[in-house]
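The structure appears below as structure tokens.
The analysis underlying the following values was restricted to heavy atoms, covering all of them including side chains, and did not include hydrogens, waters or symmetry mates. First the proteins, then the strands, lettered A, B, ... as listed; each starts at 1.
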Amino acid sequence: MSNASSSESSIHPVKEIEAHFPFQEVEAKWQKRWQNEKVFAAPDSGPEKKFYCLEMFPYPSGKLHMGHLRNYAIGDVMARFYRMNGCRVLHPMGYDAFGLPAENAAIKNRVHPAEWTFNNIREMREQQTALGLSYDWDRDVATCHEKYYKWGQWLFLKFWEKGLVYRKEGLLNWCPDCQTVLANEQVVNGLCWRCDSVVTQKFMPQWFIKITDYADELLNDLDKLTGWPNKVLVMQRNWIGRSEGAEILFHVAGGEKQGTEIPVFTTRPDTIFGATYMVLAPEHPLVESLISGGSQEAECRAFIEKVSKMDKTIRTDEAAKKEGVFTGSYAVNPVNQEKIPIWIANYVLVEYGTGAIMAVPTHDQRDFEFAREYGLPMRLVIKPADAPFNSAEEMTEAWIGEGIMVNSAQFDGTPNEEGKKNVTKWMAEQRIGGATVNYRLRDWGISRQRYWGMPIPLIHCDRCGITPVPEDQLPVDLPRDVELTGEGSPLAKHESFLHTTCPKCQGPARRETDTIDTFWDSSWYFLRYIDARNTEAAFDSQKVNDWMPVDLYIGGVEHAVLHLLYSRFFVKAVRDIGLVDFDEPFTQLLTQGMVTKDGAKMSKSKGNVVDPGEIIEKYGADAARVFILFTSPPERDLEWSDQGVVGASRFIDRIYRLVLSYADALKSSSQQDSGNLSEAAKNLRRACHKTIKAVTDDIKDHIGLNTAIAKIMEMVNEMYKFTENDAIAESDFPIFRDAVEILLRLLSPFAPHISAELWEAIGNEGYVISQPWPVHNPDFLQTDTMMLVIQINGKVRGKVTVPADADGEAVWQAALQQEQITRWLNDQEPKKKIYVPKKLLNIVV
RNA sequence: GCGAGAAUGGCGGAAUUGGUAGACGCGCUAGACUUAGGAUCUAGUGGAUAAUCUCCGUGAGGGUUCGAGUCCCUCUUCUCGCACCA
């Protein structure tokens with residue numbers, strides 16, 4: 001390739017550019033300018049198309065980790081991309097600042113949780129700034145700030161008015177380490193989600209939010225979430241756990257409790273005639289009265305004692321042995337008046353259904369095993385066609401498939417699926433049962449017996465009962481002067497907080513001393529960002545309706561049934577309260593993969609933590625961003641590689657040298673493309689426009705940030721190839737100039753600092769981030785010739801270059817010119833020729 | 001056990017959805033420039049082979065097709081989720 005024949009008409013690079021991108025000064029320079037000039041302020045009005053880009057806000061634990069870096073890098077590319085594409089972008093950041101670690105740190109280091117938290121926020125914010133993230137910092141929130149939780153409390157009162165808050169005493173998940181109760185969602189495999197301690201059960205009163213009122217809507221609306229990963233939808237579906245069935249009323253037969261109702265839930269009402277015994281959970285409230293004074297009392301008490309000591313993980317392990325004890329009492333099966341024994345057993349759970357089951361050993365595997373173990377009677381009631389058994393005695397396992405009802409009085413001969421409906425309908429007529437829907441989802445327990453959280457704005461008055469704090473008295477401030485010991489609720493010991501006057505009767509009263517689950521705070525922060533400095537309201541409904549829903553939400557999958565479920569519920573509730581008018585908060589959800597090292601999640605205990613701060617210091621933010629985006633697709637796990645960052649940093653340096661070595665020429669040249677271009681220049685232009693299209697499609701269609709970067713790298717390689725003879729013909733230079741500008745614009749979402757710097761260095765005014773995203777010109781993709789693959793019997797045997805408009809016959813003729821092809825053809829007449837336009841010709845012989 | 005996803009060079013990963021497998025990057029090899037190189041540049045790099053011939057090659061085995069990493073069947077392994085849910 002020869003770009004120039006004489007030095008007068010060609011442009012040479014500056015030879016001495018061998019430097020590295022001086023990221024320290026340059027990155028700081030741009031970060032300062034972006035911040036001072038509020039470049040990333042989100043406009044509440046302007047372009048019609050809005051893009052709300054959100055990353056899950058962090059808990060301010062002190063320093064960013066690689067997961068954060070990845071999360072924010074992805075979000076930042078998307079925010080910057082849509083910004084350049086003409087959207088008004090809302091890209092905020094804040095801190096999920098209430099929570100136990102602050103309290104634990106306070107106990108350990110004798111520093112106030114507030115101080116610890118705000119120091120950490122400062123530190124993390126510095127690191128986020130150093131990453132060059134395009135946040136609108138004027139909208140930041142910290143959930144521990146009274147100006148934030150004031151409105152959290154206000155919203156709580158709205159929930160209260162709506163009847164979504166109630167108090168209940170019951171067995172609750174207790175984390176002995178955190179010294180507080182946990183919601184069901186926060187117990188993972190029997191362990192505390194935060195500290196991995198074994199969760200025990202404790203009987204105590206606490207506050208609940210009626211998320212179950214929304215169970216059906218939360219389930220049904222999952223179908224609307226087409227932008228969510230299927231995995232998360234499945235997890236939420238399982239968590240809600242809707243199952244249709246029937247509730248059937250059994251009664252105690254004989255004894256003191258004669259006639260007491262025992263409702264059971266079953267999904268198999270068609271098997272009711274096969275119910276040969278009944279089982280209550282050991283914790284079932286009726287058990288005490290059933291066994292008390294009876295012949296089985298001692299045995300039952302011993303059993304209950306044993307089960308209660310068993311931890312839940314072991315007890316609910318499927319492999320655990322099914323054990324139980326007869327209570328001595330009987331119940332009546334309402335469909336046939338049969339007297340059946342009532343047992344208690346470890347395989348029935350008090351928290352699911354009604355805590356009691358009708359046992360049908362022939363058609364439920366658990367009941368089958370239990371009945372065989374304890375010699376309980378069995379009766380076949382569903383008989384499959386060509387059954388290998390004729391009676392219960394011949395069965396080796398429960399039959400849970402379809403069949404015809406037998407031994408079932410008037411229902412005999414009915415196919416069981418039809419029987420389910422018929423039996424339920426008949427029971428409803430007889431007033432002994434009816435259709436019902438049961439959910440696995442429980443109400444959301446929000447009381448926490450800890451200090452560093454939002455005070456629940458309720459007052460206990462001996463005369464007036466529980467009374468909400470009047471709105472004009474909000475916020476209920478979290479007192480600063482507390483003694484933190486890690487034992488007992490700190491607020492309960494704080495006299496001046498505890499004692500107050502009743503808003504109704506003005507008499508002495510006590511404040512609620514539980515604080516709220518921090519998931520309450522994070523269930524609406526994305527609404528507050530929209531109107532973060534509003535002192536008159538939680539947010540302006542109109543603004544929220546305008547910006548919401550979040551167009552892209554990015555975070556880890558660990559919140560699939562925690563934060564993401566609570567937030568969906570919260571939005572539905574505030575919609576019904578009348579504050580917003582949309583149903584779902586997050587249109588598209590991207591669950592980013594973990595960052596691993598040596599194949600394992602980074603963690604202090606494994607000693608495989610790489611500190612993002614050190615990486616930024618050593619290689620710069622742009623290199624760190626490029627590496628973490630390039631190495632793996634966003635949703636997949638990413639294995640950290642020190643070598644990989646070096647590669648990213650080399651890429652940045654290569655661009656720096658390439659552009660700077662022509663900076664002066666680029667600065668002074670403004671001439672237009674003369675139309676008199678060399679082949680090389682045309683090729684370069686084609687490569688650039690191909691890259692524009694590919695990068696744009698990758699980002700828009702599937703957030704393919706790794707491949708987008710790969711394609712920019714290819715383009716840079718093309719540019720190097722173009723300049724490899726050093727001189728660029730003057731007539732070709734406009735193309736090179738275009739290439740540089742295209743490169744910098746494509747690069748700017750990924751590596752914003754170097755893009756901004758070089759944009760300026762080549763003599764442009766303003767910010768590259770304020771430039772429109774490049775649009776490819778299809779005309780420039782055209783070629784005069786095309787290269788096709790010639791296959792013989794499906795194997796590649798050669799390549800031909802033909803005019804772009806060549807048809808199959810022309811390609812065939814061109815192929816015949818090649819010795820390699822004719823050798824393979826060996827004078828045979830092709831049986832068939834398959835021509836795929838612009839791709840290949842396959843010759844079958 | 002059930003459900004979802006995955007398996008491609010030494011490594012991370014590409015492949016326009018049935019059309020040149022291994023883009024891009026790391027690593028490695030050789031060379032250039034260097035006092036030096038962990039800077040930079042050039043060339044090479046799936047395996048077999050003397051070979052730019054050719055053969056083999058996308059977890060394993062079968063199938064559909066002119067043509068399969070991609071579609072179908074069987075199996076293996078791994079990851080994640082659910083897991084006595086009545």
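A 4.5 Å side-chain heavy-atom check between W399(A) and T362(A) finds every atom pair outside the cut-off.
When rounded to the nearest whole Å, the span between CG of N793(A) and P of rG19(B) equals 19 Å. Distance F651(A) CZ to rC24(B) C1': 10 Å, rounded to the nearest Å. When the P atom of rA86(B) is taken as reference, atom NE2 of H363(A) falls 17 Å away, rounded to whole Å. Atom CG of L658(A) and atom C1' of rU40(B) are 14 Å apart (whole Å). Rounded to whole Å, atom C1' of rA68(B) lies 12 Å from atom CD of Q791(A). To the nearest angstrom, P of rC82(B) lies 12 Å from CD of E185(A). One interatomic measurement links the two molecules: CZ of F630(A) to P of rC11(B), which rounds to 17 Å at whole-angstrom precision. Residue E714(A) contributes atom CD, which lies 8 Å from atom P of rG25(B) at whole-angstrom precision.
Checking V796(A), L840(A), L816(A), I843(A) one by one against I790(A), the side-chain contact (heavy atoms from CB on, under 4.5 Å) holds for a single residue, I843(A). Shown are F368(A), Y277(A), W343(A); of these, the ring pair (Phe, Tyr, Trp, His ring centres under 6.0 Å) with Y374(A) is made only by W343(A).
Summarising the geometry, atom OG belonging to S632(A) is positioned 9.0 Å from atom CZ belonging to F627(A); distances are rounded to the nearest 0.5 Å. For the atom pair H559(A) NE2 and T591(A) OG1, the distance stands at 13.0 Å (nearest 0.5 Å).
The phosphate of rC56(B) (OP1 or OP2) has a side-chain N or O of K795(A) nearer than 4.0 angstrom. Between rG27(B) and Q643(A), a contact under 4.0 Å exists linking OP1 or OP2 to a side-chain N or O. Within the 4.0 Å cut-off from OP1 or OP2 of rA83(B), at least one side-chain nitrogen or oxygen of R440(A) is found. Taking 4.0 angstrom as the limit, R237(A) places none of its side-chain polar atoms (N or O) nearer than this to OP1 or OP2 of rG81(B). For the OP1/OP2 pair of rA23(B) and a distance below 4.0 Å, the side-chain nitrogens and oxygens of T707(A) include no atom meeting the criterion. Look at R636(A) and you won't find any side-chain N or O under 4.0 angstrom from OP1 or OP2 of rG12(B). Taking only side-chain nitrogens and oxygens, R650(A) comes nearer than 4.0 Å to OP1 or OP2 of rC26(B). For rG13(B), the OP1/OP2 oxygens have a side-chain nitrogen or oxygen of S632(A) closer than 4.0 Å. For N717(A) and rG25(B), the shortest distance from a side-chain N or O to OP1 or OP2 is below 4.0 Å. Between W640(A) and rG12(B) there is no side-chain polar atom (N or O) within less than 4.0 angstrom of OP1 or OP2. In this model, the phosphate group of rG19(B) is not approached by any side-chain N or O of N842(A) to a distance below 4.0 Å at OP1 or OP2.
A donor N or O paired with an acceptor N or O is not found under 3.5 Å between the base of rC66(B) and the side-chain atoms of K832(A). Side-chain atoms of K839(A) and base atoms of rU20(B) include no donor and acceptor less than 3.5 Å apart.
If you check rC24(B), rG19(B), rA86(B) against the side chain of T267(A), the one that comes closest is rA86(B).
The residue among V789(A) and N706(A) whose nearest nucleotide of RNA chain B lies closer to the 5′ end is N706(A).
With hydrogens and angles disregarded, a donor-acceptor distance shorter than 3.5 Å links the side chain of N333(A) to the backbone of I272(A).
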